[in-house]
Chemist: 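My structure is below; once you've seen it, I'll send some questions.
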Amino acid sequence: VKEETGALMEELKRVNAENKKLTEMLSVVCENYNTLRGHLM
Amino acid sequence: YSSWLDSVDTSLDLNLHPLRFTGEAPVTKERNYLDHEKVSVKEETGALMEELKRVSAENKKLTEMLTVVCENYNTLRGHLVDQMNKNGEKEVFCSKKRKSESSNNNNMVGINGNSESSSTDEESYKKPKQETINKSSKTTRVQVKIGASDSNLVVKDGYQWRKYGQKVTRDNPCPRAYFKCSFAPTCPVKKKVQRSVEDQSILVATYEGEHNHPQSSLMEATSGTAAARCVGLTPAAPTTPLDSRKPKSPSEAKTTSSPRFQSPEMQQFLVEQMASSLTKDPNFTAALAAAISGKIFPH
């Protein structure tokens, strides 16, 4: 059980890191999108 | 001895189930602890699983959003690139057009060296073949009184001119006409004629350069023009009655004899016009010939 929990913890850490990275990427892309939209408007 | 023996308790006081009670208690506690630990680990694992599921779902959602936003971004970027290309083409076209106009305007405006943004007519796009104007050459300015209704931008000054352009400048709503001496390209003189901003009945002629040939006024017929009207000597072919050009009152007469008509250029111009007109008058020529022959042959 402990091993399973440890594995889960590791997986959760990895997914959280990926989540954070995705959030940052989404923020950057949204910012660029808005900038581009501002240029077109 | 026997009493001592009696007093001795020989019973062992043995508990037949001592191990059962003493042995069972720690095992239950351990089991309870293990069970509790198992439960807590299972709960923790369940929580972790739930958290993992939630984060994974969020991750998936973020990935989808990122994909959508990236697609929109690329689409928008494509639009922007297209727009920029279109604008670039327009810009290039406009800049070429501006360059062309600027080139023509510079050729025309080169008389005074000023560049003016203005609209040009069709003639102004015809680039003069030779532009040999020296900007440091002599520039003279002449003002001529004309009728208010006269739309001709012609100032007769004893030379023949060829109009090569006309445009409307920003500072003056009246069009400005550009002329070259008809002896061009050997003669570098150009002139521009435009109504005065202050007084629309005055034509302002600006000359650039000096003629390298004699006047052609004696050869050409002077028709009714602004200069002739200004001088008042239009025996050849006046286009409008002289009455309409005469000052209506003494005050206006004073106005027409303003200092701008007393400039050396204007006086010379007037003399030339008078000479030109007189030479075209057959009566005057006959009288002059008679006078000369009378002097030579008095008898």
Side-chain angles (χ1 to χ4, degrees), chain A, chain B residues 26-95:
Chain A
V1 173
K2 279 185 180 177
E3 284 177 359
E4 189 182 351
T5 307
L8 279 173
M9 288 286 284
E10 290 299 319
E11 180 68 8
L12 192 60
K13 278 183 185 175
R14 190 188 65 77
V15 175
N16 265 325
E18 192 176 349
N19 209 333
K20 188 180 175 186
K21 196 176 175 182
L22 280 170
T23 307
E24 288 174 0
M25 285 174 68
L26 190 62
S27 174
V28 170
V29 174
C30 279
E31 196 175 335
N32 290 344
Y33 177 82
N34 286 328
T35 306
L36 209 58
R37 194 163 168 270
H39 280 303
L40 274 176
M41 297 297 282
Chain B
V27 170
T28 306
K29 281 181 184 175
E30 189 178 351
R31 279 183 183 173
N32 286 340
Y33 174 75
L34 288 174
D35 288 343
H36 182 70
E37 194 176 1
K38 275 183 184 177
V39 169
S40 64
V41 169
K42 278 183 180 176
E43 284 177 356
E44 189 180 355
T45 305
L48 281 173
M49 287 288 282
E50 290 297 319
E51 179 71 8
L52 189 60
K53 279 182 184 175
R54 191 187 63 78
V55 174
S56 292
E58 192 175 349
N59 208 331
K60 190 180 175 185
K61 198 176 175 183
L62 279 171
T63 307
E64 288 174 0
M65 285 175 67
L66 191 61
T67 306
V68 170
V69 173
C70 278
E71 282 177 5
N72 290 344
Y73 176 80
N74 286 329
T75 306
L76 205 62
R77 190 168 172 271
H79 283 304
L80 186 63
V81 169
D82 289 343
Q83 200 74 22
M84 286 175 71
N85 286 337
K86 284 180 185 175
N87 287 344
E89 286 173 3
K90 276 186 183 176
E91 195 71 25
V92 168
F93 177 74
C94 290
S95 67

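Computed from a predicted model, the values in this text were never measured in an experiment. Only heavy atoms go into these numbers, but all of them, side chains included; no hydrogens, no water, no symmetry mates. Lettering follows sequence order; numbering is per chain, from 1.
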Chemist: Quick check for you: to the nearest 0.5 Å, what is the distance between A:Lys21 atom NZ and B:Leu62 atom CG?
Modeler: 13.5 Å
Chemist: Rounded to the nearest 0.5 Å, what separation is found between the CE atom of A:Met9 and the OG1 atom of B:Thr45?
Modeler: 10.0 Å
Chemist: How many angstroms lie between CD in B:Glu51 and CG in A:Leu12, if you round to the nearest 0.5 Å?
Modeler: 5.5 Å
Chemist: Where is the tightest heavy-atom contact between A:Met25 and B:Leu66, given as atom of each residue plus distance?
Modeler: CE-CD2, 3.5 Å
Chemist: So which pairs with a foot in residues 62-75 of chain B pass side-chain hydrogen bond (donor to acceptor under 3.5 Å, both in side chains), sequence neighbours left out?
Modeler: none
